[in-house]
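Step one of this worksheet: look at the structure below.
Computed from heavy atoms alone, side chains included, the values below leave out hydrogens, waters and symmetry copies.
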Amino acid sequence: MNILENLNENQSKAVLATDGPLLILAGAGSGKTRVITHRIAYLIREKGVPPFAIMAVTFTNKAAGEMRSRIIDLIGPLGEQVFMKTFHSASVYILRRYGNIIGVPSGFTIYDQRDQEMLIKDILIEKNLDPKKIRPAMIASKISEVKDRAEILEGGDVNSLLPDYYSFSLSDIYEQYQLRLTASNALDFNDLLIKTVELLRKSPETLAALQKKWRYFMIDEYQDTNYSQYLICKYLASASRNLCVVGDDDQSIYSWRGADVRNILNFEKDYSDARVITLGDNYRSTIQILAVASSIIQMNKFRKEKMLNAFRGEGEPAVWCQANNEYGEAEYVVNTLISLKHREALKNDDFAIFYRTNAQSRIFEEHLRRENIPYRVVGGLRFYDRKEIRDILAYLRFITNPSDTISLSRIINTPARGIGAVTVEKIKDQAYQEQTSEWGIIRRGQQGNKKTSAGIRTFADIITRSMEMAPRVPTDMKLAEFVQEVIELSGYTASLKNDNSLESRSRLENLDEFINSIFEYQEFNPDATVDQFIQEISLLTTTEQPEPEDLPLETVTLMTVHNAKGLEFPVVFLTGLEEGLFPHVNSSDSEEGIEEERRLCYVGITRAQDRVYLTNAHQRRVYGNTQDKLPSCFLNEIPPELLKTTTHGPQENSISYNAAPTWGRSSSHDKSATREHAPSLKPAVSDSQYSVNQRIMHPRYGTGKIVEIQGKGDNVKLTIRFSSGGSKSFLEKHTPLERI
DNA sequence: CTCACGCTCTTTTTT
DNA sequence: AGAGCGTGAG
């Protein structure tokens with residue numbers, strides 16, 4: 001078999017450029033995955049590189065899995081041995097083996113966003129701050145934001161990056177947060193990367209060992225790497241210099257997560273001898289689709305100018321449908337899907353519905369269910385985020401890491417065994433007084449009244465027995481068997497069975513599903529210990545969780561545009577294209593924010609192979625009340641001749657929503673699209689009770705000045721610049737301000 | 001201590 | 001509209 005077969009000239013070049021730094025600028029649909037997999041195959045087959053000497057980093061575990069199986073298709077089971085992971089799971093791999101050198105014991109627990117929020121809530125209460133006024137989620141995102149910054153890794157003063165707020169000091173909370181993480185033997189997602197960088201810096205022996213192990217590096221989606229990820233690449237590849245990065249600055253959509261597009265833009269500066277290969281031939285989408293996509297992305301000022309060459313036929317024009325409301329939108333999408341399916345003999349698999357926010361999925365689900373069309377929602381609530389699964393995971397976490405106080409507080413009275421808040425507080429105090437762990441106090445028993453102390457004894461017993469069992473996995477006990485045992489022991493199943501409600505039955509089913517997924521896991525990871533298992537599933541995303549066994553093979557796919565990256569579908573519905581939703585309000589303050597939303601829109605459209613439908617609704621319920629919505633500015637950026645326009649649902653009562661007044665066109669399908677009034681592009685003069693330059697006091701952020709007022713009615717948005725430095729936008733309706 | 005009801009606040013995107 | 005949380009009765 002010839003590995004270069006079916007590759008174009010530049011693709012072949014990229015496969016053959018095996019040694020030294022290489023930058024592959026891969027436009028949407030240009031066969032990027034193909035190049036990566038073939039390049040790996042070539043390294044192994046033709047250059048004799050052992051598969052385990054290749055480290056390939058992808059964006060999600062699912063992408064890693066798919067890439068692995070494509071390599072196996074190319075070169076057989078040898079492909080199994082390629083080290084293919086995400087940055088986060090690669091970091092876990094490294095830290096498990098070498099972390100103890102910098103004081104990270106191998107059994108660490110990984111705290112996800114919800115664990116972080118619980119921990120922060122704890123800290124706020126300790127500091128006599130009200131978690132209702134100061135949202136833990138907001139603090140968590142600030143902390144995460146600061147941890148993504150380069151300064152934190154370059155010895156900068158972290159505290160100076162954390163503002164003091166009106167009523168509290170963020171750096172105080174940050175400090176406490178880090179202390180508590182360390183005390184709990186836990187790392188958050190940012191720490192996984194930061195600690196890995198620290199390890200590679202502080203332990204030359206470790207770095208040397210890893211450089212000996214891996215000699216070829218391939219990093220996918222390089223435009224979405226943050227500073228720590230950039231450093232990890234840099235250090236690991238500094239000996240072999242065989243670093244190949246692949247990406248597209250037009251598809252950079254994670255800057256809010258610390259991704260820095262400069263990593264890819266500056267690659268040639270970092271590696272002066274780098275080869276650069278551009279993949280600009282698009283084999284995925286029709287000319288019509290690419291024309292729409294490129295008309296939008298061209299509006300971005302901050303981008304490397306480039307064009308995709310279309311290699312497929314003309315295709316069908318993109319369709320823009322304006323619906324009366326979100327129900328009309330869903331109805332239009334589902335109706336179109338059904339008729340297309342029959343007319344073109346398509347399968348459910350061929351369709352994808354994209355939206356900006358997870359909350360939008362519900363209405364599409366309802367309409368699809370009504371029509372008996374099987375679908376799958378990618379993203380949203382992770383399987384492992386369900387209460388019952390989190391509870392059991394907390395048991396497992398606590399058993400392997402009794403310092404994990406967040407898990408302890410979750411399970412000590414779950415299921416209810418008579419240990420209330422007062423008792424928990426007592427245990428905490430006593431542990432503090434005796435300078436021992438909370439588990440140390442619990443283990444000893446004797447606390448409170450009869451009922452309470454019985455509860456504590458029960459709990460201590462469950463944990464002790466489980467702790468004795470855990471080390472037997474995997475040698476003389478199977479992982480699934482162990483977890484099953486813990487679930488029984490905890491009394492969780494008994495209490496659910498006792499309840500016998502619809503809800504508890506579904507929880508039991510989920511627990512069964514969980515056990516099933518562990519059976520599957522242990523099949524592929526026969527050597528995995530309990531803590532390894534927990535660490536790995538902490539990093540799993542929605543895209544690779546157990547799916548219900550009765551899920552039909554062919555389903556329509558629903559997901560956010562972010563989740564759609566890297567995928568392709570014959571027919572794509574890109575929905576909710578409205579001002580404030582897509583582009584999202586929270587990104588609309590800055591030019592950079594809008595540009596990222598525009599890239600997101602570009603990513604959405606370029607997923608489509610044959611057909612793309614763009615939809616917006618004139619009215620949409622937000623927080624339970626109806627709002628008028630203008631079509632997204634992105635729709636304005638598409639030349640009208642590229643779009644076939646239509647409407648759905650009654651239009652009579654609505655004011656004019658045509659975002660592009662000068663175009664004045666309507667399609668043959670357009671039943672009631674005639675507009676009498678000249679539409680206004682900007683909402684009417686605001687009816688805010690405030691005025692620009694008004695000085696105000698915000699309960700959370702302190703004093704500030706109103707710098708901008710937009711929208712009207714319930715949609716009035718106030719942009720406020722605070723004395724503390726930052727500025728922020730609020731919906732007037734939801735924001736109690738005091739004039740000063 | 002537990003459970004039920006009603007009030008509040010929410011929604012950006014995810015490893 | 002829905003989830004999470006606090007309040008108050010048992």
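Counting non-hydrogen atoms under 4.0 angstrom, A:E596 reaches nothing in the nucleic acid. Note on A:N413: only backbone sugar-phosphate atoms sit closer than 4.0 angstrom, heavy atoms only; bases stay farther off. Using a 4.0 Å heavy-atom criterion, one finds that A:D112 contacts no nucleic acid atom at all. A:R599 comes within 4.0 angstrom of no nucleic acid atom, judged by non-hydrogen atoms across all strands. When heavy atoms are screened at a 4.0 angstrom cut-off, A:L581 is found touching no nucleic acid atom at all. At a threshold of 4.0 angstrom between heavy atoms, the contacts of A:Y254 are confined to the sugar-phosphate backbone, with no base atom among them. In this structure, A:A416 reaches the sugar-phosphate backbone alone: every heavy-atom distance under 4.0 Å involves primed, P, OP1 or OP2 atoms, never a base.
Interatomic distance, A:T423 OG1 to A:I412 CD1, rounded to the nearest 0.5 Å: 8.0 Å. In this structure, CG on A:D115 lies 10.0 Å from OG on A:S184, to the nearest 0.5 angstrom. Once rounded to the nearest 0.5 Å, the distance linking CD of A:Q229 with OG of A:S91 reads 8.0 Å.
Closest to the side chain of A:N586, from the set B:dT15, B:dT12, B:dT14, is B:dT12. Distance from the side chain of A:T357 is smallest to B:dT12 among C:dG6, B:dT14, B:dT12. The side chain of A:R135 sits closest to B:dT10 out of C:dG6, B:dT10, B:dT13. Checking B:dT12, C:dG6, B:dT15 against every side-chain atom of A:R257, the shortest atom distance belongs to B:dT15. Side-chain atoms of A:H562 lie closest to B:dT13 of the nucleotides C:dA1, B:dT15, B:dT13.
For B:dT14, one of the phosphate oxygens OP1 or OP2 lies less than 4.0 angstrom from a side-chain nitrogen or oxygen of A:N563. Regarding contacts with the backbone of B:dT15, every side-chain N or O of A:N226 stays at 4.0 angstrom or more from both OP1 and OP2. The phosphate of B:dC1 has OP1 or OP2 within less than 4.0 Å of a side-chain N or O from A:T423. Residue A:S587 has no polar side-chain atom (N or O) positioned under 4.0 Å from OP1 or OP2 of B:dT13.
The separation between A:M138 atom CE and B:dT10 atom P is 12 Å, rounded to whole Å. Rounded to whole Å, atom P of B:dT10 lies 13 Å from atom CD of A:E117. For A:Q223 and B:dT14, the CD to C1' distance is 15 Å, given to the nearest whole Å. Between the CG atom of A:L124 and the C1' atom of C:dC5 there is a distance of 16 Å, rounded to whole Å. The nearest whole Å value for the distance from the CG atom in A:D385 to the P atom in C:dA3 is 15 Å. Residue A:M118 contributes atom CE, which lies 12 Å from atom P of C:dG4 at whole-angstrom precision. The separation between A:N190 atom CG and B:dT14 atom P is 16 Å, rounded to whole Å. Counting to the nearest Å, the C1' atom of B:dT15 and the CZ atom of A:F189 are 6 Å from each other.
Taking the 5.5 Å centre cut-off and the 30° plane limit, the aromatic side chain of A:W256 is classed as stacked on B:dT13. Under the stacking criterion of a centre-to-centre distance below 5.5 angstrom and an interplanar angle below 30°, A:Y623 sits stacked against the six-membered ring of B:dT10. B:dT12 has its base stacked against the ring of A:H584, the centroids being under 5.5 angstrom apart at an interplanar angle below 30°.
Nucleotides C:dG4 and B:dT13 have their P atoms positioned 15 Å apart, rounded to a whole Å. B:dT11 and C:dG6 have their C1' atoms separated by 23 Å, with the value rounded to a whole Å.
Residue whose closest nucleotide on DNA chain B sits further toward the 5' end, between A:R417 and A:L600: A:R417. Nearest-nucleotide assignment on DNA chain B puts the 5′-proximal partner with A:R356, out of A:R356 and A:Q116.
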* Taking it one step at a time, do A:D385 and A:R390 satisfy side chain to side chain contact (heavy atoms under 4.5 Å, CB included)? -> CA-CA 6 Å; A:D385 280 340; A:R390 277 194 92 91; 2.8 Å; yes
* Hey, mind stepping through A:K629 and A:N616 against side chain to side chain contact (heavy atoms under 4.5 Å, CB included) and telling me if it holds? -> CA-CA 8 Å; A:K629 292 282 184 186; A:N616 70 287; over 6 Å; no
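In this structure, A:V104 and A:D191 have side chains that are not in contact, with every pair of non-hydrogen atoms separated by 4.5 Å or more.
No side-chain donor-acceptor contact under 3.5 Å links A:Q619 and A:T626.
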